[in-house]
There are 2 protein chains.
Amino acid sequence: MLVERRRSVASQATSILAERIRTQLYAPGSRLPSESELAAELGVSRASIRSALGRLAAEGMVLRKQGDGTYVNARLQHIPTTLSGLWDFLGLIERSGRAPAIQVLAQTVRAASEHELEALALEEDEPVFHLRRVFLADDTPAIVADNAIPLALLQQPPELCDGQLPINEFIARYCQTQIAYGIFDIDALLPDGPTQALLRLEDQSPLLRLRQVFYDRQNEPLLCGSSSYNEKLLGLRLVQSWS
Amino acid sequence: MLVERRRSVASQATSILAERIRTQLYAPGSRLPSESELAAELGVSRASIRSALGRLAAEGMVLRKQGDGTYVNARLQHIPTTLSGLWDFLGLIERSGRAPAIQVLAQTVRAASEHELEALALEEDEPVFHLRRVFLADDTPAIVADNAIPLALLQQPPELCDGQLPINEFIARYCQTQIAYGIFDIDALLPDGPTQALLRLEDQSPLLRLRQVFYDRQNEPLLCGSSSYNEKLLGLRLVQSWS
DNA sequence: CAGTGGTCTAGACCACCCA
DNA sequence: GGGTGGTCTAGACCACTGC
């Protein structure tokens with residue numbers, strides 16, 4: 001049953017169960033088979049099944065009741081957003097039911113700003129690769145994202161990089177490394193002139209801003225950036241479950 | 001070594017390791033003992049140690065490198081906020097280095113608003129218990145929080161309830177149930193007059209707003225509410241780590 | 001190569017819920 | 001009491017890293 005290589009058994013089990021819930025093979029509100037039954041059916045250990053159910057429970061897709069069973073959450077058929085999904089702008093737009101697209105506005109090399117010098121631990125006057133993009137939802141601008149990467153990390157000439165890539169894939173492809181973690185600051189602000197024009201905002205309605213710094217496994221800064229959301233358009237909805 | 005009752009071994013191990021990092025017994029940037037060594041030292045299985053390290057890694061406190069070891073994250077000495085910590089306003093203020101306090105502004109029973117009727121799945125004209133509070137950071141108002149609970153859920157006369165309690169303890173104490181999960185919407189908005197006055201805002205600077213609905217294990221709505229942050233004062237900082 | 005973290009299993013016991 | 005999820009253990013093998 002579970003035979004793919006290179007993908008963990010627990011991860012495959014998660015996908016299978018999520019799919020069964022999505023297709024309502026396990027109907028909303030109904031009780032799933034017990035962990036032992038699922039383990040036997042999929043030919044894996046109960047620990048692997050528990051790992052899979054744990055991930056689904058963390059996303060709110062299922063509710064577990066000790067001594068009773070595991071139930072499909074009937075309230076969450078159309079509300080999937082996790083914290084890690086927050087920075088996946090394309091997925092965010094897609095899940096809102098709109099067609100996502102990326103428009104690259106600028107892809108340049110410039111001196112690092114003061115804030116970038118500190119955040120990226122750079123030497124004075126060290127250049128960064130600056131990527132400015134707009135994420136469109138059904139052709140309507142929804143997010144403006146600016147990202148700066150130390151030029152020294154790029155393994156390719158900047159003009160050859162594909163600015164359409166999601167930022168984690170961009171890093172993986174052109175910096176030959178992986179994002180281990182990120183630190184995010186969320187605040188609210190009134191858009192400046194250019195941002196207001198880019199997002200085609202009529203009034204001065206406030207925006208959500210996400211500023212982020214990503215680090216690799218060696219704890220070296222990879223990227224810092226700032227993204228402004230038109231949250232009227234997208235809506236940031238999270239699920240948080242306890243123990 | 002690990003002898004407390006009623007608290008899981010993995011949870012106790014998490015506390016022990018977190019404490020060792022906090023007190024720099026494991027210095028910033030240094031490598032922790034291997035999982036097997038920790039398991040032997042604490043007298044628990046490697047699985048329990050891995051569970052503990054997994055939680056610390058999710059919060060960014062340690063970085064794990066396959067084939068190498070687990071390292072104390074030197075960058076995160078003073079940046080602890082997880083998604084679940086976002087709704088713990090007292091802790092949020094405390095971690096920002098200020099003295100937290102709660103001021104109860106209103107503790108009343110009133111008819112449910114239209115939005116509350118739907119969110120809490122109430123019958124027409126059903127009353128709710130409404131709690132309006134301000135969270136102070138060093139005596140400066142930082143957050144205005146409004147919460148509505150179906151009156152039918154309260155096991156005590158509303159005037160006898162202690163409005164100073166954190167909302168999850170309030171629910172546990174007076175509704176005899178527990179929050180299983182919550183759905184949160186984040187947006188940005190300009191404060192209305194009363195809010196602006198309560199938070200003592202001089203200009204019309206935008207606020208972060210968190211709207212939430214909590215559910216219990218039976219998937220019944222427990223509470224809905226809205227909290228406005230003065231994020232200039234507090235700052236919302238999150239850590240997200242991958243795989 | 002030896003040692004590390006990553007994955008998985010089989011089996012055990014407990015706390016809890018419901019009939 | 002029987003079945004469920006919650007916890008924990010011991011042991012195994014793998015993938016990867018650094019020397």
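Lettering follows sequence order; numbering is per chain, from 1.
Scanning DNA chain C 5' to 3' for nucleotides with an atom closer than 4.0 angstrom to a non-hydrogen atom of chain A gives a first and last hit of C/dT7 to C/dC17.
A salt bridge is absent between A/Glu220 and B/Arg75; no separation between the charged side-chain nitrogens and carboxylate oxygens falls under 4.0 Å. With respect to B/Glu41 and B/Arg46, no salt bridge is recorded, no charged nitrogen being found less than 4.0 Å from a carboxylate O.
Residues A/Arg217 and A/Ala180 come closest through the heavy atom pair N-CB, 3.6 Å.
Residues B/Pro33 and A/Ser8 both approach DNA chain C. Their nearest nucleotides, taken by heavy-atom distance, put B/Pro33 toward the 5′ side.
At whole-Å resolution of the value, CG in A/Leu17 and P in D/dG5 are 12 Å apart.
Defined by atom type and a distance below 3.5 Å, a donor-acceptor pair is missing between the side-chain atoms of A/Arg50 and A/Ser45. Residues A/Asn147 and A/His130 have side chains that never bring a donor and an acceptor to within less than 3.5 angstrom of each other.
The stretch residues 161-187 of chain A participates, sequence neighbours left out, in these side-chain hydrogen bond (donor to acceptor under 3.5 Å, both in side chains) pairs: A/Tyr181-A/Asn219, A/Tyr181-B/Asn73, A/Asp185-B/Arg237, A/Asp187-A/Arg209, A/Asp187-A/Arg211.
Under the 6.0 Å cut-off for aromatic ring centres, B/Phe214 and B/Phe184 qualify, their centroids lying closer than that.
A side chain to side chain contact (heavy atoms under 4.5 Å, CB included) with B/Leu17 is found for one member of B/Leu25, B/Val62, B/Leu56 and no other, namely B/Leu56.
A heavy atom closer than 4.0 Å to some atom of DNA chain C occurs in B/Arg64, B/Lys65, B/Gln66, B/Gly67, B/Asp68, B/Gly69, B/Thr70, these being the qualifying members of residues 63-73 of chain B.
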